[in-house]
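Numbered from 1 within each chain, the chains take letters A, B, ... in sequence-line order. Predicted model only: the values in this text are computed from it and were never measured.
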Protein chains: 2
Amino acid sequence: MADFPSPMGTASVTADLVVLTVQDNELRVLLVRRGIEPHRGAWALPGGFVLADEDLDAAAVRELREETGLTAPVGHLEQLASYGAPGRDPRGRVVTVAYLALLPHLPAPVAGSDAEGAAWVALPVGELAFDHARILADGVERARAKLEYSPLATAFCPPEFTITELREVYETVWDARLDPRNFHRKVTSTPGFVEPVGRSVAADRGRPAQLFRRGPTHLLHPPMLRPTP
Amino acid sequence: MADFPSPMGTASVTADLVVLTVQDNELRVLLVRRGIEPHRGAWALPGGFVLADEDLDAAAVRELREETGLTAPVGHLEQLASYGAPGRDPRGRVVTVAYLALLPHLPAPVAGSDAEGAAWVALPVGELAFDHARILADGVERARAKLEYSPLATAFCPPEFTITELREVYETVWDARLDPRNFHRKVTSTPGFVEPVGRSVAADRGRPAQLFRRGPTHLLHPPMLRPTP
DNA sequence: GCAAAAGTGTTCGTACTACACCCATGA
DNA sequence: TCATGGGTGTAGTACGAACACTTTTGC
């Protein structure tokens with residue numbers, strides 16, 4: 001820690017995660033049930049303290065791996081915002097750096113050391129510990145906005161996916177209905193968004209769908225447009 | 001500070017500011033020359049420690065007021081990102097929460113207590129202390145992107161401005177040339193972007209320009225488009 | 001063949017681009 | 001009246017919305 005005086009004294013720094021996934025046409029967030037005070041028994045965002053010699057991003061990656069068991073670099077992780085209101089943690093001054101993770105649907109999550117359990121909870125969720133409801137709302141809003149101008153909807157999909165699966169991601173996150181025909185044309189004609197794998201996947205009924213994987217672009221030109229309600 | 005053990009121990013938290021303005025068709029950033037070690041004599045972003053009972057946003061507002069002498073709520077201030085690499089400050093663990101401020105051109109800045117001087121420096125700037133070059137780059141990129149879909153270009157203008165002044169803001173921040181005729185039509189026809197004041201301002205030459213103030217919208221529909229080079 | 005889902009073509013309206021043109025002022 | 005910058009009209013083009021239609025499978 002710092003070996004010099006400052007007006008603040010010092011604070012603890014945590015990395016908290018808004019981990020979103022799409023499952024059964026629902027947007028779900030990974031929550032843990034707190035096993036320790038404060039807010040014991042309440043739902044909270046997963047997260048934990050940043051280690052002494054650890055960068056913020058590294059702490060987020062570590063927490064994500066600990067909570068999900070993820071090893072392969074799938075999905076997407078980015079810094080969301082920081083929250084440091086003086087009274088947000090009754091134990092003292094805690095500043096949290098929140099991260100947003102978008103993942104394809106994964107098997108059951110594992111509980112961390114200080115959590116009694118973890119679960120994928122469909123939105124909207126009820127009460128959350130600390131100011132985590134606000135952090136979650138900011139993360140969801142960020143995710144909704146980013147689907148417009150970035151190809152991050154593919155982060156919610158497995159490595160190979162159909163255009164219909166991608167459209168259902170948009171429809172779920174935006175809570176909107178999109179025209180399947182126009183969506184298909186737009187996605188496949190936006191340079192670098194998706195690339196055809198060359199294989200098809202059989203469906204229960206109807207014509208088999210082509211498989212795609214995510215393309216090289218990080219910015220969509222032109223962007224996807226959210227319907228105006 | 002926290003009265004409980006954590007794996008990290010604790011860190012100092014600072015609020016640093018990327019304060020941008022447009023002056024003489026140049027994008028300029030407010031920098032201070034450091035009067036204390038480390039990096040004494042080097043240019044740095046203005047900022048300082050978050051106080052013990054102070055929210056992060058409040059610290060940013062306070063630092064902005066101390067550095068610029070601003071009292072009226074003009075311009076725009078938003079959180080940018082946080083930076084906490086272990087070695088970024090040689091004095092110890094310091095996590096900084098960076099803020100982005102967009103201001104109209106103001107009189108000469110004032111120096112803070114731990115700074116020998118402050119100045120508006122045109123971009124690109126040279127070497128900066130700590131990791132401030134990275135923070136500045138992130139702030140400039142954020143500003144460039146936000147001009148597309150938000151009316152924040154008006155934050156660079158005085159309360160009443162002409163369409164030409166607004167266009168010069170876009171041209172300066174984007175380093176691009178925009179057609180004056182189409183720009184005028186688009187800005188005045190985008191709902192809520194600008195509102196006519198009803199008065200004109202005399203020019204040295206040519207027809208006087210109408211004065212406008214910023215409108216109520218926080219999101220531009222349709223967005224302004226950066227020319228594709 | 002029929003149902004169902006994937007994918008294509010076509011029409012129409014809106015919005016951007018480029019540039020011709022008019023307007024209002026100072027000298 | 002000329003120069004200069006402010007502001008409008010208009011044709012061509014690109015793209016999204018809506019929807020008719022074709023394709024490919026299982027039963």
Side-chain angles (χ1 to χ4, degrees), chain A residues 25 147-149 153 157 160-171 174 176-213 217 219-229, chain B residues 25 147-149 151 153 157 160-172 174 176-213 217 219-229:
Chain A
N25 290 328
L147 289 208
E148 294 199 50
Y149 56 91
C157 297
E160 299 186 348
F161 51 88
T162 66
I163 300 298
T164 295
E165 287 174 334
L166 187 63
R167 176 170 50 81
E168 287 172 345
V169 166
Y170 274 95
E171 293 183 332
W174 284 350
R177 245 35 57 193
L178 302 175
D179 185 297
R181 293 83 55 107
N182 291 334
F183 183 88
H184 184 284
R185 190 194 348 256
K186 174 139 187 185
V187 165
T188 53
S189 69
T190 298
F193 193 176
V194 296
E195 292 178 339
V197 169
R199 286 177 290 111
S200 296
V201 64
D204 283 4
R205 297 186 302 276
R207 174 174 171 175
Q210 298 289 117
L211 282 173
F212 293 82
R213 55 173 156 260
T217 296
L219 223 56
L220 298 184
H221 292 299
M224 307 296 291
L225 293 181
R226 238 189 288 201
T228 60
Chain B
N25 290 327
L147 290 209
E148 294 197 50
Y149 56 89
C157 296
E160 299 187 346
F161 52 87
T162 66
I163 301 297
T164 296
E165 287 174 334
L166 186 64
R167 177 170 49 82
E168 287 171 346
V169 165
Y170 274 94
E171 293 184 333
T172 300
W174 282 351
R177 245 34 58 190
L178 302 176
D179 185 298
R181 291 87 50 111
N182 292 334
F183 182 88
H184 185 284
R185 189 194 348 255
K186 173 139 188 186
V187 165
T188 53
S189 68
T190 297
F193 193 175
V194 295
E195 292 178 338
V197 169
R199 286 177 289 110
S200 297
V201 63
D204 284 3
R205 298 185 302 277
R207 173 176 172 175
Q210 298 289 117
L211 282 172
F212 293 82
R213 55 175 157 257
T217 297
L219 222 57
L220 298 184
H221 291 301
M224 306 295 292
L225 293 181
R226 240 190 287 203
T228 60

Take the protein atom [atom1] of [X] and the nucleotide atom [atom2] of [N], then report the distance between them rounded to whole Å.
X	N	atom1	atom2	result
B:Leu178	C:dC16	CG	P	13 Å
A:Lys186	C:dG7	NZ	P	19 Å
B:Asn182	C:dC19	CG	C1'	9 Å
A:Leu225	C:dG13	CG	C1'	15 Å
B:Leu220	C:dC16	CG	P	11 Å
A:Arg199	C:dA6	CZ	P	17 Å
B:Met224	C:dT17	CE	C1'	13 Å
B:Asp179	D:dG6	CG	C1'	13 Å

> Are any of the side-chain heavy atoms of A:Val169 and A:Cys157 separated by less than 4.5 Å?
Replying inline: yes
Under 4.0 angstrom, heavy atoms only, what part of the nucleic acid is [X] near: base, sugar-phosphate, or nothing?
X	result
A:Arg205	sugar-phosphate
A:Thr164	sugar-phosphate
A:Pro222	sugar-phosphate
B:Asp204	sugar-phosphate

> Hey, is the side chain of A:Arg185 pairing donor to acceptor with the base of D:dG16 inside 3.5 Å?
Replying inline: no
> Would the B:Phe212 and B:Phe161 ring centres measure less than 6.0 Å apart?
Replying inline: no
> Between B:Tyr149 and A:Tyr149, what is the ring plane arrangement, given parallel below 30°, perpendicular above 60°, and tilted in between?
Replying inline: parallel
>> Taking the nucleotide of DNA chain C with the nearest heavy atom to each, does B:Ala203 or B:Arg207 sit closer to the 5' end?
In response: B:Arg207
> Between A:Arg181 and A:Gly206, who's closer to the 5' end of DNA chain D by nearest nucleotide?
Replying inline: A:Arg181
> Under 4.0 Å between a side-chain N or O of A:His184 and OP1 or OP2 of C:dA6?
Replying inline: no
>> Once rounded to the nearest 0.5 Å, what's the spacing between atom NE2 of B:His221 and atom CZ of B:Phe193?
In response: 13.0 Å
> What's the shortest heavy-atom distance between B:Leu220 and B:Leu147, and which atoms?
Replying inline: CD1-O, 4.3 Å
